[in-house]
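Per chain, numbering begins at 1; letters A, B, ... match sequence-line order. No experiment lies behind these values; they were computed from the predicted model shown.
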Amino acid sequence: MKENLKVLLKKFLLVLFVTVVFDQTIGHALNYFYFKHQPISDISTTTYVADHCRQQALVLGSSRACHHYISNDIKAGIDLTCYNAGADGEYILYSYAMLKCVLMRYTPKVVILDLLPDEFKISQQNYDRLSVLLPYYQNHPEIRSIIELKSPYERAKLLSEIYPFNSLILPIVSLNIHENNQEFKPDDQNGFLPLTDTINIDGNRFIDSVYDNYRIDPELVKAYRSVIQDCRSHRIKLYVFVSPLLYSSRFTTKSIKIASQIALDNKIPFFDFTNDKIFKGKIYFTDFGHLNNNGAKLYTAEVLAEIKATHY
Amino acid sequence: MLFNSFQFVIFFTILVVLFYAIPFKWKWLLLLIASCYFYIAYIPVYILILAFTITVDYFVGVFLEKATARSRKPLLIISIIANIGLLFFFKYYAFFTENISFVLSHMGYRTKISPFNLILPIGLSFHTFQSLSYIIEVYRGNQKAEKHFGIYALYVMFFPQLVAGPIERPQNMLHQFYEDRKFNPDDITAGLTQMLRGFFKKLVVADRLAIYVNAVYNRPASHNGISLITATIFFAFQIYCDFSGYSDIAIGAARILGYKLVTNFNNPYLARNINEFWKRWHISLTTWFRDYLYIPLGGNRVQPMHLYFNLLLVFTISGLWHGASWNFILWGLLNGLYLVFLRITWKFWPRFYTLTGLDKLDWLKIPLQMTITTVFVSLSWVFFRANNIHDAAIIFKQMSSFKGHLFTGGYTFHYCLIAILILLLYEIKAEYFEGSYIRFKNTNYLFRSCYYALVVVTIAMLGVFDGGQFIYFQF
């Protein structure tokens with residue numbers, strides 16, 4: 001048995017060695033090409049915010065933030081350079097991570113945080129979506145604790161150099177091929193991505209009480225508190241918004257109640273637009289949760305008015 | 001405990017070390033404890049159900065062996081009632097009460113039979129069938145009753161195949177627990193290789209395809225025909241890789257411990273007709289139905305109409321085995337109809353090939369046969385995957401429509417194609433070009449190591465790590 005075990009161990013160590021060599025070589029190549037390309041995609045939004053941006057005002061949040069706040073209008077309105085760092089399919093943990101990365105480099109003057117009506121709902125998705133931050137684990141120790149929330153084994157998985165770039169091989173190849181192709185470079189809107197379609201569905205929808213029947217994830221509330229705390233300690237003017245929905249809500253959702261109370265306790269301006277009547281027209285929406293460009297223009301103007309009204 | 005979890009990696013590593021470190025006489029106990037732990041990681045209380053059926057079947061088995069010819073049948077019936085009764089209670093009660101209420105209300109009777117809201121014990125259909133195969137084999141005199149309660153419990157609970165098969169037969173498994181499993185590097189290598197193959201199928205192919213399929217099938221009305229056809233074909237490969245991936249991991253894990261489980265899949269999408277497909281798909285279940293239902297009903301030695309009826313009956317029951325819903329019943333029935341059609345036209349096809357000249361063009365005929373078989377099988381999967389009959393009807397209707405959204409899901413579509421391509425290349429090579437010049441069987445160990453490493457690296461690069469459960473766990 002001892003002899004057999006020796007042979008097997010030898011073979012196993014050889015496989016392990018080759019795997020490590022492959023992992024390190026391919027992983028480093030992926031890392032190089034991931035961070036090399038120009039900012040022309042979702043990937044580079046994160047890279048840009050984490051490593052490069054210098055704007056005085058930042059918008060943080062999900063896809064609703066990304067499509068609802070026109071950075072250039074905000075810049076004109078408050079006379080501060082602005083970048084919209086909202087990202088599709090991301091939530092408060094991502095926003096918090098982005099803020100931490102930014103604070104390592106500079107202190108913005110204003111942060112606008114957009115929350116979802118069910119921002120604190122318990123959902124595995126909140127953690128799964130943290131995978132977009134995996135490539136930044138190595139170079140951004142300040143966000144490691146957030147990334148490690150993804151799973152108890154994340155630290156072990158991240159021993160691999162390839163794992164952070166899981167499912168990114170095609171975008172990396174594509175971006176590097178099209179790097180110098182001007183057609184692939186969108187207009188510079190400082191992170192804001194306009195939606196052009198208008199919703200075409202009959203009937204009105206309502207958020208009913210079933211929608212609000214969920215449990216609150218304390219980890220998400222903690223992240224929200226931390227955003228507030230970090231902004232306060234850095235003397236950043238923080239504004240929290242819940243942007244409009246085409247849905248009509250018959251009540252204030254559980255998450256919004258919690259968020260507004262925490263904001264109130266910390267003297268942070270909080271604005272809930274979910275039931276604002278101005279926005280209850282289909283012409284302003286691409287779908288039930290996302291404003292189109294017309295809606296975004298109207299909404300950004302409202303946001304600016306609120307910011308100015310708080311004696312900015 | 002999921003095979004595709006870190007928890008399992010830790011559990012299995014500790015188990016393997018302990019297994020080869022302890023004396024033979026304690027190995028069964030270690031495996032039994034490990035199997036109990038593996039099972040209670042899902043819903044602990046359901047182990048009591050397993051304990052109940054194990055106890056009943058153990059004693060029925062022992063009594064059956066000693067029983068007189070007259071008392072054998074009642075004993076068999078007791079075991080069948082205990083096993084099927086539990087299965088019915090947990091899996092089918094709600095379905096039947098719902099349908100009975102529906103029929104009665106249409107006949108004008110006001111009735112309210114309240115269904116129990118119970119969570120189906122994981123793997124219940126699998127271990128019920130495994131227990132039944134033991135009892136039937138003892139009843140038929142093909143297998144001696146197991147006297148050792150612990151070994152019998154291990155036969156039912158052996159963790160690699162406990163929750164999703166392969167459904168084992170006592171003749172293959174029981175004697176293995178009495179043989180000392182010495183440390184054998186060949187078993188370890190073969191087992192790890194098979195597990196690696198299983199992880200690749202699950203993480204790289206099945207879970208990737210699931211992203212596309214779920215997006216389309218969960219909102220079928222808003223997608224166009226191209227998306228629906230693509231999702232249907234993708235689902236055919238998803239379910240294959242999900243389930244055969246599980247089987248590979250199960251067989252590989254057992255092999256590392258020195259036990260050989262039966263083969264459950266044999267490149268089913270390379271089958272050239274539906275009959276062959278069912279000889280390659282979920283083999284342990286198909287042979288179970290063949291041996292314990294189809295043959296007792298008369299097998300192939302009955303009049304054609306009787307045979308067609310039997311085929312339809314067996315496949316309908318097979319559908320019902322998969323799930324308590326009309327979707328599964330229709331899925332089974334449709335596959336039964338395919339087989340009946342094949343039986344009726346069996347003699348026609350050779351003449352058709354001669355007439356068209358295809359009999360001399362194997363390079364064209366074989367891929368054509370495989371494609372047609374895959375298309376028909378994929379169409380039947382619509383019932384299997386659709387959320388309900390209404391959705392299935394929408395999917396079939398929308399398949400020919402250009403109205404609606406064409407779904408690509410960013411790079412998801414491309415990843416799916418890459419995954420299927422890798423799978424097909426692997427399987428075609430395994431089926432038609434099996435040689436020793438490449439892959440796991442290469443004699444140069446450095447070359448083999450590179451191959452293993454490449455598979456691991458591909459999983460890390462292309463695998464989906466948040467994919468979750470195996471589809472067949474729900475059965």
Side-chain angles (χ1 to χ4, degrees), chain A residues 1-27 29-30 41-43 88-89 124-125 127-131 134 150-175 201 287, chain B residues 5-10 16-17 20-21 181-189 191-193 196 203-204 207-208 211 221-222 256 405 408-419 440 444-468:
Chain A
M1 172 155 166
K2 264 189 178 174
E3 204 47 47
N4 282 340
L5 193 62
K6 255 188 194 173
V7 173
L8 190 74
L9 269 178
K10 244 189 200 172
K11 287 179 174 179
F12 180 74
L13 285 175
L14 182 63
V15 173
L16 192 69
F17 173 74
V18 178
T19 307
V20 170
V21 170
F22 277 18
D23 179 74
Q24 295 294 310
T25 315
I26 299 171
L30 289 170
S41 75
D42 292 350
I43 289 176
D88 281 347
Q124 186 52 40
Q125 215 177 46
Y127 300 95
D128 292 345
R129 293 288 172 89
L130 288 175
S131 52
L134 293 174
K150 197 170 176 290
S151 81
Y153 308 104
E154 218 50 30
R155 207 184 285 194
K157 288 183 193 171
L158 281 156
L159 290 173
S160 159
E161 285 287 328
I162 286 181
Y163 173 68
F165 302 96
N166 170 262
S167 302
L168 285 173
I169 178 96
L170 291 183
I172 291 172
V173 169
S174 167
L175 289 173
I201 290 177
D287 57 44
Chain B
S5 67
F6 248 65
Q7 219 185 337
F8 176 74
V9 174
I10 296 163
V16 172
V17 172
Y20 286 112
R181 301 284 136 184
K182 294 255 166 48
F183 182 82
N184 179 355
D186 292 339
D187 277 342
I188 308 271
T189 313
L192 280 173
T193 306
L196 197 59
L203 300 172
V204 177
D207 287 349
R208 178 67 63 186
I211 298 171
S222 55
I256 288 172
H405 180 55
T408 55
Y411 289 100
T412 302
F413 178 78
H414 303 87
Y415 280 121
C416 290
L417 283 186
I418 291 170
F440 301 128
N444 181 333
Y445 201 78
L446 183 63
F447 191 92
R448 279 161 66 184
S449 301
C450 288
Y451 188 79
Y452 288 123
L454 200 64
V455 178
V456 174
V457 158
T458 309
I459 292 173
M461 205 152 54
L462 300 177
V464 176
F465 295 102
D466 310 316

Distance in Å, B/Y20 OH paired with A/L5 CG, rounded so as to fall on 0.5 Å steps: 11.0 Å
Contacting region of B/I459 [heavy-atom separation from chain A under 4.5 Å]: backbone
Sub-4.5 Å side-chain heavy-atom contact between B/V456 and A/F22: no
Least distance between heavy atoms, A/L30 atom then B/M461 atom: CD1-SD, 3.9 Å
Interatomic distance, A/I172 atom CD1 to B/Y411 atom OH [nearest 0.5 angstrom]: 10.0 Å
Positive for side chain to side chain contact (heavy atoms under 4.5 Å, CB included) with B/S449, one of A/L16, A/V15, A/T19: A/V15
Heavy-atom pair with the smallest gap, counting every atom of B/V457 and A/D23: CG2-N, 4.1 Å
Side chain / backbone / both / neither for B/I188 at chain A, heavy atoms under 4.5 Å: side chain
Closest approach of A/N166 to B/A460 (non-hydrogen atoms, all atoms of both residues): ND2-O, 2.9 Å
Under the ring-ring contact (aromatic ring centres under 6.0 Å, His included) test, residues paired with B/F6 that sit two or more places apart: A/Y153
Distance in Å, A/K10 NZ paired with B/Y445 OH, rounded so as to fall on 0.5 Å steps: 12.0 Å
Inter-residue atom distance B/T458.OG1 - A/I169.CD1, 0.5 Å rounding: 10.0 Å
Check: A/L170 and B/I418 side chains under 4.5 Å, non-hydrogen atoms: yes
Nearest heavy atoms of A/S167 and B/Y415, plus distance in Å: O-OH, 2.6 Å
B/I211 portion near chain A, given a 4.5 angstrom heavy-atom threshold: neither
Expected output: side-chain B/Y452 to main-chain A/V18 donor-acceptor under 3.5 Å: no
